[in-house]
Student: 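Dropping the structure in here first, questions after.
Letters A, B, ... are given to chains in the order of the sequence lines, protein chains preceding strands, and every chain is numbered from 1.
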Protein chains: 2
Amino acid sequence: MSRPSEFLPTLQALVQCYQAFETFSAADIRGLGLTPPQFDIVATLGNTAGMTATELGEKTLITKGTLTGVVDRLVGRGLVERTAHGSDRRCQIIRLTPSGEALFARVFPSHMAYMAECFADSGAADHERWQGALRALEQIFRKKEKA
Amino acid sequence: MSRPSEFLPTLQALVQCYQAFETFSAADIRGLGLTPPQFDIVATLGNTAGMTATELGEKTLITKGTLTGVVDRLVGRGLVERTAHGSDRRCQIIRLTPSGEALFARVFPSHMAYMAECFADSGAADHERWQGALRALEQIFRKKEKA
DNA sequence: TAAATTTAGTTCGTGTTAGAACTAAGTGTG
DNA sequence: CACACTTAGTTCTAACACGAACTAAATTTA
């Protein structure tokens with residue numbers, strides 16, 4: 001067993017890091033006229049032929065109940081559309097409209113460039129260190145949730 | 001300048017790690033009858049003589065507009081109270097009521113024990129690695145937001 | 001095949017979230 | 001002192017978050 005004085009600083013560092021990212025990223029996304037979940041969806045659907053709501057939810061980490069509302073708003077703005085799935089009438093294929101494709105082509109590169117500035121001085125070794133640490137920490141939580 | 005193929009995996013790892021933590025932690029907190037922000041507030045106020053709303057917001061990373069509502073609900077349940085600040089009439093001191101203290105004494109150790117199970121096999125070196133990586137990554141976002 | 005179970009999405013209730021506009025109170029400068 | 005400015009908290013709006021309950025359509029089981 002571990003003591004809080006050992007692991008609490010790790011959890012605080014995780015939350016503070018995530019918040020810093022979210023705040024920084026969202027400021028740019030809002031300036032592009034989207035909310036962060038909306039951007040995630042548009043970015044995920046870009047350069048694809050569409051996908052089911054379940055698949056979209058898995059990729060964006062948005063739960064299905066929330067996804068309905070976010071997609072509703074994007075449909076209302078004419079950026080995505082729901083089309084029938086060929087063989088399974090429970091499913092829908094969600095995909096970008098031409099207007100949504102145009103938005104994707106504009107905002108995705110813009111936001112990538114914005115984020116790239118952060119990492120101008122970071123090398124491959126930095127990324128390996130971050131990804132290695134983050135994936136190990138993620139497993140810490142996932143291994144317990146199975147039990 | 002950096003390429004998305006380099007830094008996107010880092011960002012995805014961060015988001016997935018954070019989500020895994022949040023989901024795992026929240027499941028326990030909800031079982032204790034609190035929401036995650038409510039738990040944060042009770043945990044922050046525990047073993048203190050109270051603090052101003054601004055200070056509480058800084059520690060819990062809850063913005064002031066949100067804090068009003070969360071504190072309202074805790075006041076409604078009789079767990080915290082707002083008292084006048086001695087010298088500055090704009091401020092309030094928010095602190096736990098006796099009932100809130102009792103709740104803190106029950107749920108805080110319980111949740112710590114729940115989280116400690118995750119880190120049963122982690123040593124000091126693991127925590128140093130995680131904290132070092134997370135703090136460095138956090139600075140990546142903070143150094144740009146100043147500019 | 002009929003019943004039981006699973007899966008896909010929607011709806012609903014409660015709570016959180018950020019930012020912006022607002023009020024009240026303190027601080028600074030002339 | 002009077003004015004501009006800052007700070008503390010609340011209110012407001014739009015959107016998101018999650019779980020639970022629900023409908024409809026598939027799939028499994030007997």
Student: Take the protein atom CE of A/M51 and the nucleotide atom C1' of C/dG9, then report the distance between them rounded to whole Å.
Tutor: 17 Å

Student: So, is B/R82 near the phosphate of D/dT10, with a side-chain N or O under 4.0 Å from OP1 or OP2?
Tutor: yes

Student: In whole Å, I'd like the distance from the NE2 atom of B/H85 to the C1' atom of D/dG9.
Tutor: 14 Å

Student: Where the side chain of B/Q92 is defined as all heavy atoms beyond and including C-beta, which of C/dG15, D/dC18, D/dG9 is the nearest nucleotide?
Tutor: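 Ranking C/dG15, D/dC18, D/dG9 by closest atom to the B/Q92 side chain puts D/dG9 first.
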
Student: Are A/Y114 and A/F24, when compared by the centres of their aromatic rings, separated by less than 6.0 Å?
Tutor: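 Ring centroids of A/Y114 and A/F24 are less than 6.0 Å from each other.
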
Student: Which listed nucleotide (D/dA15, C/dT10, D/dG9) is nearest to the side chain of A/K64?
Tutor: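 For the A/K64 side chain, the nearest candidate turns out to be C/dT10.
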
Student: Taking only side-chain nitrogens and oxygens of B/T68, does any of them come within less than 4.0 Å of OP1 or OP2 of D/dG9?
Tutor: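 Negative; the distance criterion is not met.
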
Student: Measuring from atom NE2 of B/H85 to atom CE of B/M51, what distance do you get when rounded to the nearest 0.5 angstrom?
Tutor: 12.5 Å

Student: Which is true for B/T66 with a 4.0 Å heavy-atom rule: it touches a base, it touches only sugar-phosphate, or it touches nothing?
Tutor: base

Student: Among the candidates C/dA8, D/dA17, D/dG9, find the nucleotide nearest to the side-chain atoms of B/T52.
Tutor: D/dG9

Student: Base, sugar-phosphate alone, or nothing: which one does B/R73 contact when heavy atoms must sit under 4.0 Å apart?
Tutor: base

Student: Distance check needed: D/dC18 P versus B/L34 CG, whole Å only.
Tutor: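 Taking atom P of D/dC18 as the reference, CG of B/L34 is at 18 Å.
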
Student: May I ask you to evaluate whether A/R30 reaches the phosphate of C/dA18, defined as a side-chain N or O under 4.0 Å from OP1 or OP2?
Tutor: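 A/R30 to C/dA18 OP1/OP2: no side-chain N or O under 4.0 Å.
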
Student: Between D/dC5 atom P and B/R90 atom CZ, what is the distance in whole Å?
Tutor: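 Rounded to whole Å, this separation is 17 Å.
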
Student: Are any of B/T35's side-chain N or O atoms less than 4.0 Å away from OP1 or OP2 of C/dT16?
Tutor: yes

Student: To the nearest Å, how far apart are B/I62 CD1 and D/dT10 P?
Tutor: 13 Å

Student: Just checking B/T54: base, sugar-phosphate only, or nothing, at a heavy-atom cut-off of under 4.0 Å?
Tutor: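 If one applies the 4.0 Å heavy-atom cut-off, B/T54 turns out to touch the sugar-phosphate alone, with no base involved.
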
Student: How far does CE of A/M115 sit from CD1 of B/I140, to the nearest 0.5 angstrom?
Tutor: 10.0 Å

Student: Go nucleotide by nucleotide along DNA chain D from the 5' end; which of A/D88 and A/G69 gets its closest nucleotide reached first?
Tutor: A/G69

Student: In whole Å, what is the span from the CZ atom of B/R77 to the C1' atom of C/dT14?
Tutor: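 For the pair B/R77 CZ and C/dT14 C1', the rounded distance is 12 Å.
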
Student: May I ask you to test the B/T68-B/D72 pair for a side-chain heavy-atom distance under 4.5 Å?
Tutor: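 A side-chain contact exists here, since the closest heavy-atom pair is under 4.5 Å.
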
Student: Rounded to whole angstrom units, what separation is found between the CZ atom of B/R89 and the P atom of C/dT23?
Tutor: 18 Å

Student: Calculate the interatomic distance between A/I41 atom CD1 and C/dG9 atom P; express it in whole Å.
Tutor: 13 Å

Student: Counting the benzene-type ring for Trp, do A/H111 and A/F39 have ring centres under 6.0 Å apart?
Tutor: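 So the answer is yes for these two rings.
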
Student: Judged by each residue's nearest nucleotide on DNA chain D, which is more toward the 5′ side, A/L61 or A/S87?
Tutor: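 Final value for this comparison: A/L61.
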
